[in-house]
Participant: 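Structure below; questions to follow.
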Amino acid sequence: MTSPRQDPLRDPRFFADPYPTYDRLREGCPVQRIPTGSGGREAYLITGHPEAREAFTDPRLSKDTARFFAGLASTRDLHPAISRTMLASDPPAHTRQRRVATPLFTAGRVRELRPYITGVVDDLMSTWRPGTEVDLVADLAVPLPVTVVCELLGVPESDRATLAGWSHDLFDATDTDRVDRASHRIGDHLTRLVDTARATPGDGPLRSFLRGCDDGGLDRDEIVSLAALLLVAGHETTTHFIGNAVLALLRHPEAFDRLCRAPDLIPGALDELLRFDSPVSVATFRHSTEDLRVGGVDIPAGFPVLIAPGAANRDPAVFPGPGRLDLDRDAGGHLSFGHGIHRCPGAPLARAEAEIALRALVTRFPGTRLAGPPESPVWRRTRLTRGLAGLPLALA
């Protein structure tokens, strides 16, 4: 346990298993004021499901990060393309960028992409053989969504691994300098990519993306910012979705075996897998623009507010027996993709990638088990997302 004066989301034990901390906080009060970081600042943390849904849709909770930090001393140096994304803005700027992003992830567009996604999975698993070991994260969960989102945006193949590495650094909760450096590398690289595409005749996914941005009235900075958001958010959380889902299933062999026998159950199991171990532990920054009340708790104007989908998805008042993986549960109310106007527009694509990857695993290697003890996987030290550093599998 951490003391009341410590940030409970920075305890080393939190990264390995946040749920005891979330349970303790929720039982105390589903909306409470906590210390954050090492600067003495405080924020309100929301761990209850009804309270999180309410907060996600309250317009008095602003996503405009620049507005909150204007005039405040800070040692941070994030690239503007990262610090001022659609996720860090309010309408009308948010509305304008979302209008451009949404058509990329419609159900129809995702259906068109499914053969390509299947082909990528086939390629990545082409060397897998029964009786061998693979790292699910490095060998599938990372390269699959990186490849797909880069293909969607028209990022050259030669750039993809480098951008994925910088994106990985961007979520390092232990080294803010590393985060800042990664943000500049991503922002500068995408700026050059956009400028080069503008100056080069031709067609393709990137030019199509730029035309959509132009039609939506986005300026150059907004285009780079949107591209950065789609690139980073478009693969980082999907990587964790796939890794967390496979770990959960293999820690519950009866559930894994059930999907092996009936792979057509996989689409219906995705919501419960998302609920059980959300790839988004804490949603991105919000702050109160005026006094408000959430879940019976008064939040003064001018405070950061952290909404924790990972905690809300384990609220026993909404999901009885929340620590149990139950593939028959109606988990459609989970908050892993957020809620309200900032709900993840890429959710249909993430679901398709996870479904295709899981189907390939259970049909080709139905005897697969964890290569090490169930408690051995190492989790990344990041408070916003929750994901594995690696997941060794013994294929069979």
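What you see below is based on every heavy atom in this structure, not just the backbone, and it leaves out hydrogens, waters and symmetry mates. By convention here, the first residue in the shown sequence is residue 1.
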Participant: Between the side chain of Ser288 and the main-chain N/O of Phe303, is any donor-acceptor distance below 3.5 Å?
Facilitator: yes

Participant: Using a 3.5 Å distance criterion without hydrogens, assess whether the side chain of Glu222 forms a donor-acceptor pair with backbone atoms of Asp219.
Facilitator: yes

Participant: Would Ser89 and Lys63 count as a side chain to side chain donor-acceptor pair (under 3.5 Å) if you check the C-alpha gap in whole Å, the side-chain angles of each, and the deciding distance to 0.1 Å?
Facilitator: CA-CA 5 Å; Ser89 65; Lys63 295 280 287 176; over 6 Å; no

Participant: Test the Arg343-Phe337 pair against the cation-pi criterion, namely NZ or CZ under 6.0 angstrom from the six-membered ring centroid and within 45° of the ring axis.
Facilitator: no

Participant: Return yes when atom CZ of Arg369 has more than 12 non-hydrogen atoms of other residues, nucleotides or ligands closer than 6.0 Å, and no otherwise.
Facilitator: yes

Participant: Nearest 0.5 Å, please: how far is OG1 in Thr147 from CG in Leu124?
Facilitator: 6.0 Å

Participant: Counting only heavy atoms not in Asp330 (residues, nucleotides, ligands), do more than 12 fall under 6.0 Å from its CG?
Facilitator: no

Participant: Assess whether side chain to side chain donor-acceptor pair (under 3.5 Å) is satisfied between Asp188 and His79, documenting all intermediate values.
Facilitator: CA-CA 8 Å; Asp188 291 346; His79 191 285; 3.2 Å; yes

Participant: Using side-chain contact (heavy atoms from CB on, under 4.5 Å) as the criterion, point out the one residue from Asp139, Leu247, Leu370, Leu140 that pairs with Leu393.
Facilitator: Leu370

Participant: Between His334 and Phe276, is the ring centre distance below 6.0 Å?
Facilitator: no

Participant: Honestly curious: do Ile46 and Phe285 fall in one hydrophobic cluster under the side-chain, below-4.5 Å linking rule?
Facilitator: no

Participant: Run Arg380 and His168 through side chain to side chain donor-acceptor pair (under 3.5 Å) and show every step you take.
Facilitator: CA-CA 10 Å; Arg380 292 189 56 200; His168 181 279; 3.3 Å; yes

